[in-house]
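For reference, the structure discussed in these notes is given below.
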Amino acid sequence: MAGGSSPSPAAAPVQVRCAGCRDVLAVGPGMIEFICPKCRMEQRLPPQLMPKSTSSPPPKSPAKPSLPPRTQPRRGAPPAQGVDPTKIQLPCAHCQAVLNVPHGLARFRCPLCGVDLAVDHAKLQNFLASSNSAPPSGLAPASGPTTQAPPAPFLQILPPGVAQPLQLVPGATIPMVLPAAEPEEINEVAIDVEREEDEGGTVGETFTDYRPPKLSLGLSHPDPVVETSSLSAVQPPEPTYKLNIMDELDETKALSCLQIETIVYACQRHLHHLPTGDRAGFFIGDGAGVGKGRTIAGLIWENWQQGRHKAVWVSVGSDLKYDARRDLDDVGAKCVQVHPLNKLPYSKLDSKAIGIKNGVIFVTYSSLIASSEKGRSRLQQLVQWCGHEFDGLLVFDECHKAKNLIPDAGSQPTRTGKAVLEIQEKLPEARVVYCSATGASEPRNLGYMVRLGLWGEGTSFDNFPQFLGALEKGGVGALELVAMDMKARGMYVCRTLSYKGADFDIVEAPLEERMMNMYRKAAEFWAELRLELLSASEFIAEEKGSSNQIWRLYWASHQRFFRHICMSAKVPAVVRLAKEALAENKCVVIGLQSTGEARTEEAVTKYGVEMEDFVSGPRELLLKLVEENYPLPPKPDSFQQGEEVTEIQRKRHSALDVSFKGRVRKVAKMVDVSDDDTDDYSPSESDHESTESDEEFHMCQICNTEEEKSLLLHCSGCSRHVHPNCLTPPWTGMLTDDWACYTCKIVEDEEIEQDAHVTDFSKRYDAAVEKKLKILDIIRSLDLPNNPLDDIIDQLGGPDNVAEITGRRGMLIRASDGKGVIYQARNAKEVSMEMINMHEKQQFMDGKKLIAIISEAGSAGVSLHADRRAKNQRRRVHITLELPWSADRAIQQFGRTHRSNQTSAPQYRLLFTNLGGEKRFASIVAKRLESLGALTQGDRRAGLSLSAFNYDSNYGKKALTMMYRGIMEQDSFPVVPPECSDDEASIQAFIDEAKAALISVGIIRDAVVYGGKLAGRIVDSDMHDVARFLNRLLGLAPNIQNRLFDLFTSILDVVLHNARIEGQLDSGIVDLKAKNIEMKEAPKTVHTDSLSGASTLLFTFTLDRGVTWESAKATLEERQKDGAGSSNNGFYESRREWMGRRHFILAFEGSTEGMYKIIRPAIGEALREMPLTELKSKYRKVSSIDKVSKGWQEEYDASSKQCMHGSKCKIGSYCTVGRRLQEVNILGGLILPVWGTIEKALAKQVRQIHKRIRVVRLVTTNDSPQRIVGLLIPNSAVESVLTGLQWVQDIDD
């Protein structure tokens, strides 16, 4: 706000707030008028910040009074907005807003503050007279001995009922060109504090130890189990269901208290029906290894005891039926049969032939969508067996397999997703259980969980897309609320094994020199191959589909190739880490996604089972791409050509040849020939004589008259006979034996041309084939790495030492003599292929093999942890050679080695190369992990620490667009590019290099050299396609790849920083911290859910965030005691004054050198540490304790009732910026049913940060602390929220 202090010294810029976009601007010394660089509004300094004098003397007044000329804005500036030149500009006497007043209007109401105004005629006349002698520029007049600017309050506030009709001077305009609202001076300390408050509090302990809050049945779980602190703040409903199997469980102790709690709440939920009439479902979101399988077995056994003897258990792999059998036996359900559906025929399951009357049908997701040749489907078979009235269990284990029922725009729903939805529709009374550690990694993947009743009839959302839209708008915080909401309504449990003791390390594996050279040459080769394909594609330009197909395959292969190279680059690091772990008496699990089996099998088919060395996946991939897809011109087939020639000859000879032999009367009509050709064409005596006995006659095939053969022309091509004169034009040439008619002449010319064409085609075809063979030779000569899986197994001692748990059927092993490799099946004679993974797993768990390599395909549901029951109890070191494509898969893979009943937690080693582009794969996972932590664990900070790699977000898209605009020289970079100095030459050199790189990977298209510079275009869809940028980045040489990636991440940091300042950054759950937090009054119940009885509560807290002078002084003394503190530690005061006083802070060096922790009197310790340079530019150190003591105490006292903006704050008493004592309103309990009401209330707020849905967490500081998590409702919005909620409640009633 504009303060009342004196203006800044001339040397320093003045900070003002733009009247248009409200950004803070720095206005250079001596500048009075300026244009905002963001919104382009022309404006001038407010009167209180105007310079007192200027050096230029005022111009002389004109002789006659006339209208002063208008201010001339600087060249190229747009006209000032908000000013109507046809009216008079007058400031309101109350709010000072400059108004456009029509001529002749004497009395009116201010549209902004609503006060009645009247034009002060006398002052207006004086002003107009004096303004005619004022400087013509329209600026504030310069001070001098003779000129004094008159005051300009022309509008008076009218008391009610008073009229003052006055005449305005016709045509008068006021020379001041002012914006619609004055820019104001900014309190930069208030800006800093506001930013710190918007960033939220510190991140506290994310997990809390878990015990069932309302049940005390069963033994505690064998391993420490935790729940996120946000979920732990929510209480589930009262348990009312009594278990039938409880007595049995007390004896066997087969289930822990956690598992019993889940069964109780699931059975209790299954007693309810949704408003649609379907039975309500339950979601078990427990993490991998908590014991979901045994919980499901307990549920089946409980339902069995209730007389429901049929159940359907859907899972991911047929191997897991053995685990299902084991779990049922463990809970005492030995009499319950498990029937694997994939082993049964398609006929009725309860028929005499099959005879399954009850038990558990175990079906995989792939079986669920299978059907027989006769058209009978497994789905129909299941529905028929269950019957429409079926009210038994329908369990979707690992239900994340049904995701993508509601896919992203442009793609189709998966068949699995549709089948899962269909079976739920056909069995409306089924007791549905969704079960997955990663079931809701994205709100979109909740689409198949229709029995949770989160959308549809009786909810705030009519359908799933509406629900999805609200969640995506609400960001990560909204996902956290969904998890809390489901728990409060008794339909969701989510606990996870404590990761205490598990280590997560991100290990960078730098490229070795050989690999660096290999990578550089491969990148160059791909760029050349692209150019070769571009020129070769001209042959198939007409076949657009073929061309598109080639490029799709090219870029897919490009991505797979470099991904493979990245994997291979990490092999030395994997081998080193594995050997180190074995030396430390640990065992190793190596995780990857792709085994390279397809390339290996192709190579075996091509070269045989014995080879010189392991197959190089990248080489085989390149060979396949070029061999099968290199565009060749059409092949000139000689056989086809021969056929075409024969066809032409056939057509020629099919012409009717009419001839008559023997004596026939001559037609009187003679051949009419020209004078010149009479001798040539008249028949000779010898001809007459020779043909007397057997004269030939022929018919002219144009005029159809008979004529002697000698008088007709005979075509050597088509054998037609014609009169010379019948032709058009008539034939006048010599009569020769090889004469050809005009038609045949054209065909002959075409044949000659065609022969030349065929020759040309042959040359082009041969050249293209030769080029293709040359490219294939280059590929064979490239130094490329071997298949990483085979390479690792070989380097770690071969199959005898390494257990392979993957989906591949065969493998290459080194020959016994060490020369060459041999392909053989993975399974030995005594083990079937179906059981090979189980056999290998057992070898590892028994300690016969100390290294296991797992792929996703082979390891679903497999336990490889240090199980107390297993012989091999060494600590597991889990190395990820290849990070999974999605976070839910990452969680599943990590869950293989971290499970219940283990002697030690694993060590995780996540490997990355130092290539920028490889972080593409981390980006995909991080994106999922961010929301996965939110939904499957209720708090996104519970996910792995990969969020630094989340580039594919809206902020990432914005950063990418800014980078591309900088490279294309459409805009300047917001940061200096890496390895560049500030001078233009180095930045230009980088731009040229970046352009060339982006052209080589097809991002910049239609490249031309124009005026010595590279130019081209980036299509709109590519401008914000982060995935494509990161994919293509892989195909660049390491140096430019890393520079481009570093530039992108630097710009992303700027974008995130700006979003944070503007209050737009979604920071998930924010912890509210204060010295003292107390509940002001008992919470109000503002809404109650009819189905579960759970309610929505409004909590009001009072927070005291301040730090007293005594406490601040003691903190500094404590620091100085050690003697190790920085010389810059101490009390500081702001260099500038605001509202007549300065701000005081205590600063001391933080954890990082050069960064300082800041403690303020009103709000305590700031979240953000301040760099020393910023500290010294805004504050100066104070040595006088008395001065600090007085200033600190004044600020401490003033902040109890007043925000930092002072008495003129726009939001008034609702503003909390820098306010020590705060009243905070939190809406807790059920949120989803009242979501729409809250959104509407927040949309009306003034401050941007208040418009966003923000989830907060706080703990009261009294003797019995309470943890509350919910939506932060700004004080200014409480009334409208309560009004809206009352309306919701009335409708429900």
Side-chain angles (χ1 to χ4, degrees), residues 213-214 229-240 265 268-269 271-272 274-275 280 452-455 457-461 470 474 477-478 480-492 938 1069 1072 1077-1103 1222-1242 1244 1250 1253-1260 1262 1264-1293:
K214 297 189 176 179
S229 43
S230 353
L231 268 182
S232 66
V234 180
Q235 291 295 305
E238 289 298 325
T240 55
Y265 278 117
Q268 188 169 314
R269 173 79 175 164
L271 297 175
H272 296 286
L274 301 174
L452 296 179
L454 297 173
W455 59 89
E457 202 177 315
T459 68
S460 289
F461 313 102
E480 287 154 0
L481 280 178
V482 172
M484 289 157 57
D485 232 57
M486 292 196 294
K487 181 184 173 184
R489 290 202 256 179
M491 61 166 104
Y492 179 61
I1069 289 187
L1072 296 182
I1077 300 176
E1078 290 177 2
M1079 197 177 290
K1080 186 180 176 185
E1081 57 196 18
K1084 295 175 191 165
T1085 301
V1086 292
H1087 180 76
T1088 306
D1089 181 50
S1090 54
L1091 189 63
S1092 63
S1095 49
T1096 308
L1097 302 169
L1098 182 69
F1099 298 89
T1100 305
F1101 299 93
T1102 52
L1103 276 65
Q1222 281 190 1
E1223 193 172 282
V1224 171
N1225 300 284
I1226 295 176
L1227 205 61
L1230 275 197
I1231 302 295
L1232 282 182
V1234 295
W1235 187 279
T1237 310
I1238 297 161
E1239 265 193 326
K1240 281 177 193 164
L1242 295 184
K1244 298 172 188 169
H1250 289 167
I1253 284 177
R1254 289 192 300 161
V1255 186
V1256 296
R1257 171 171 47 203
L1258 60 72
V1259 182
T1260 57
N1262 49 16
S1264 51
Q1266 265 185 291
R1267 185 187 289 111
I1268 305 293
V1269 180
L1271 283 187
L1272 182 67
I1273 307 293
N1275 296 354
S1276 52
V1278 171
E1279 199 174 322
S1280 56
V1281 167
L1282 289 178
T1283 309
L1285 288 176
Q1286 183 57 47
W1287 182 73
V1288 170
Q1289 193 68 49
D1290 290 345
I1291 286 180
D1292 285 358
D1293 293 344

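Just so we're clear, the structure is a prediction, and the values are computed from it rather than from any experiment.
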Closest approach of [X] to [Y] (non-hydrogen atoms, all atoms of both residues):
X       : Y       : answer
Val1259 : Pro1265 : CG1-CB, 3.8 Å
Ala470  : Phe461  : CB-CE2, 3.6 Å
Gly453  : Leu274  : CA-CD2, 3.9 Å
Gly1229 : Asp485  : O-OD1, 3.8 Å

Inter-residue atom distance [X].[atom1] - [Y].[atom2], 0.5 Å rounding:
X       : Y       : atom1 : atom2 : result
Lys1080 : Phe1101 : NZ    : CZ    : 12.5 Å
Ile1077 : Leu1103 : CD1   : CG    : 4.5 Å
Asn1262 : Met1079 : CG    : CE    : 8.0 Å
Leu452  : Arg489  : CG    : CZ    : 9.0 Å
Met484  : Leu231  : CE    : CG    : 7.5 Å
Asn1225 : Leu1271 : CG    : CG    : 12.0 Å

Study note, to complete from the structure: The single option from Leu1258, Leu1097, Leu1098, Thr1100 that satisfies side chain to side chain contact (heavy atoms under 4.5 Å, CB included) with Ile1226 is Leu1258
**Study point:** side chain to side chain contact (heavy atoms under 4.5 Å, CB included) partner of Leu1227, the single match among Val1278, Leu1272, Ile1273
**Key:** Ile1273
Is [X] reaching over with its side chain to a backbone N or O of [Y], donor-acceptor style, under 3.5 angstrom?
X       : Y       : value
Thr1096 : Leu1230 : yes
Gln268  : Glu238  : yes
Lys214  : Pro239  : no
Tyr265  : Pro237  : yes

**Study point:** Test side chain to side chain contact (heavy atoms under 4.5 Å, CB included) applied to Gln1222 and Asn1275, step by step
**Key:** CA-CA 10 Å; Gln1222 281 190 1; Asn1275 296 354; over 6 Å; no
Point to revise | Within-4.5 Å side-chain heavy-atom neighbours: Val1086 and Leu1282 | key: yes
Practice item. State, yes or no, whether a side-chain contact exists between Leu1242 and Pro1274 at a heavy-atom distance under 4.5 Å. Key: yes
